[in-house]
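Scroll down for the structure; my scribbles are underneath it.
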Amino acid sequence: QVQLVESGGGVVQAGESLGLSCAVSGRIFRITAMRWYRQAPGKQRELVATITSGGTTDYADSVKDRFTISRGDAKTTVYLQMNSLKPEDTAVYYCRADRNDFGTNMIYWGKGTLVTVSS
């Protein structure tokens, strides 16, 4: 099992920055990728950013050049730095871990943290 706990959400004004953290614990070996998703009210959950075990990153077009995903040296924390926030970034942000368990892909989710961007 992998446990994920997000933190750092809050209320900010448009144009401001906010940083999210995801604490990763449990069977962290064989985690292949860490991802941040978000879900706005009335909308489907969408992928925001990915960092692979090799350090490769990828972003949704809507956040490219504004958001940065990174991880701590021990790979027990994943971060999402969000700059130039817009009201449309308002959502619950979820951390997700993808783990390969002897050929079976396991997915673990955190409970989310709310980000509200006011105009």
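Side-chain atoms are counted along with the backbone in the values below, which use heavy atoms only and exclude waters and symmetry mates.
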- Does Arg45 make a cation-pi contact with Trp109 (under 6.0 Å, within 45 degrees of the axis)? yes
- Task: List for me each residue that meets side chain to side chain donor-acceptor pair (under 3.5 Å) alongside Lys43, sequence neighbours excluded, and say none if there are none.
- Result: none
- Note on the structure: One should read off an interatomic distance between Trp36 CH2 and Thr113 OG1, to the nearest 0.5 angstrom, of 7.5 Å
Please tabulate, one pair per line, all N/O donor-acceptor pairs under 3.5 Å involving side-chain atoms of residues 67-75, not counting sequence neighbours.
residue: Arg71; atom: NH1; partner: Thr52; partner atom: O; Å: 2.7
residue: Arg71; atom: NH1; partner: Ser53; partner atom: O; Å: 3.3
residue: Arg71; atom: NH2; partner: Ser53; partner atom: O; Å: 3.0

- Task: Find out whether Thr116 and Leu114 are in side-chain contact, i.e. whether some heavy atom of one side chain is under 4.5 Å from a heavy atom of the other.
- Result: yes
- Query: Out of curiosity, Leu85 CG to Ser119 OG, how far, rounded to the nearest 0.5 Å?
  - Reply: 13.0 Å
- Message: Restricting to side chain to side chain donor-acceptor pair (under 3.5 Å), what partner residues turn up for Asp61, sequence neighbours left out?
- Response: Lys64
- Message: Can you list everything that forms a salt bridge (charged side-chain N to carboxylate O under 4.0 Å, His left out) with Glu46? Sequence neighbours excluded, please.
- Response: Arg38
- Item | Side-chain donor or acceptor of Thr90 paired with backbone N/O of Val117 under 3.5 Å | yes
- Query: Do you reckon Val115 sits in the same ILVMFWY cluster as Tyr59, going by side-chain contacts under 4.5 Å, direct or chained?
  - Reply: yes
- Indicate yes or no: at least one non-hydrogen side-chain atom of Tyr94 is less than 4.5 angstrom from one of Arg35. no
- Scan for salt bridge (charged side-chain N to carboxylate O under 4.0 Å, His left out) pairs involving residues 79-88, sequence neighbours excluded, and state none if there are none. none
- Query: With side chains defined as the heavy atoms from C-beta onward, is the minimum distance between Gln39 and Gln44 less than 4.5 Å?
  - Reply: no
- Message: For Gln1, give me all partners under side chain to side chain contact (heavy atoms under 4.5 Å, CB included), at least two apart in sequence or on another chain.
- Response: Gln3, Tyr108
- Message: For Arg96, give me all partners under side chain to side chain donor-acceptor pair (under 3.5 Å), at least two apart in sequence or on another chain.
- Response: Tyr37, Asp98
- Message: According to side chain to side chain donor-acceptor pair (under 3.5 Å), who are the partners of Arg66, at least two apart in sequence or on a separate chain?
- Response: Asp89
- salt bridge (charged side-chain N to carboxylate O under 4.0 Å, His left out) partners of Asp58, counting only residues at least two apart: none
- Got a sec, which residues hit salt bridge (charged side-chain N to carboxylate O under 4.0 Å, His left out) with Arg30, two or more places apart in sequence or on another chain? Asp101
- Query: Any side-chain heavy atom of Tyr93 sitting closer than 4.5 Å to one from Leu80?
  - Reply: yes
Side chains of residues 4-24: which donor-acceptor partners sit under 3.5 Å, not counting sequence neighbours?
residue: Glu6; atom: OE1; partner: Lys111; partner atom: N; Å: 3.1
residue: Glu6; atom: OE1; partner: Gly112; partner atom: N; Å: 2.9
residue: Glu6; atom: OE2; partner: Cys95; partner atom: N; Å: 2.8
residue: Glu6; atom: OE2; partner: Gly112; partner atom: N; Å: 3.2
residue: Glu16; atom: OE1; partner: Gln13; partner atom: N; Å: 3.0
residue: Ser17; atom: OG; partner: Asn83; partner atom: OD1; Å: 2.9

- Transitive ILVMFWY side-chain link Ile107 to Val48, under 4.5 Å: no
- Item | Same apolar cluster: Val92 and Tyr79, side chain cutoff 4.5 Å | no
- Message: Taking the side chain as everything from C-beta on, heavy atoms only, tell me whether Thr56 gets closer than 4.5 Å to Ile51.
- Response: no
